[in-house]
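The structure under discussion appears below in the form of structure tokens.
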Amino acid sequence: MATVLAPSVRELLEFVEGGSRSYAEVMEVWTSNCPRHPAWDDAVGEGLVRVVGGQVRLTALGVRRLDDVRRTL
């Protein structure tokens, strides 16, 4: 079965993967109004990202899910 990620979650994972991102930077870029941080909430809830020392990092699961999605394209 192919891995499914919401497009906004995939974009968030690719943004985090693209370089060193502080928590503040991620919150600034991924702010929305309704709900406030849906992609962020989904990514954290699914264990795809974590905050370490103020920096947002992909988890091993996040890397695998992103790789799986890319293989299906």
### Query
Between R64 and D67, does at least one N-O distance fall below 4.0 Å, as a salt bridge requires?
no
### Summary
Of D42, D41, V69, L66, the one forming a side chain to side chain contact (heavy atoms under 4.5 Å, CB included) with V9 is D42
### Summary
Nearest heavy-atom approach of A43 to L12 is CB-CD2, 3.8 Å
### Task
Can you measure from CZ (R57) to OG1 (T59) and round to the nearest 0.5 angstrom?
12.5 Å
### Query
Do the side chain of R21 and the main chain of F15 share a donor and acceptor less than 3.5 angstrom apart?
yes
### Query
Just wondering, do W40 and V56 contact through their side chains at under 4.5 Å, heavy atoms?
yes
### Message
Can you give me the closest heavy-atom contact between Q55 and S20, atom names plus distance?
### Response
OE1-OG, 2.8 Å
### Message
Strictly distance-based, threshold 3.5 Å: is any side-chain N or O of R10 a donor or acceptor partner for the main-chain N or O of V4?
### Response
no
### Task
Decide side-chain contact (heavy atoms from CB on, under 4.5 Å) for L48 and L58; before the verdict, give the C-alpha distance in whole Å, the side-chain angles of both, and the deciding distance to 0.1 Å.
CA-CA 6 Å; L48 305 175; L58 293 181; 5.8 Å; no
### Query
Do S8 side-chain atoms and A39 backbone N/O form a donor-acceptor pair below 3.5 Å?
no
### Working for side-chain contact (heavy atoms from CB on, under 4.5 Å), residues R65 and V63
CA-CA 6 Å; R65 294 277 307 274; V63 170; over 6 Å; no
### Message
Are there over 12 heavy-atom neighbours, none belonging to R70, within less than 6.0 Å of that residue's CZ?
### Response
yes
### Message
Measuring from atom CG of L13 to atom CD of E46, what distance do you get when rounded to the nearest 0.5 angstrom?
### Response
8.5 Å
### Task
Quick one: pull up OG in S22 and CD in E28 and give me the separation to the nearest 0.5 Å.
8.5 Å
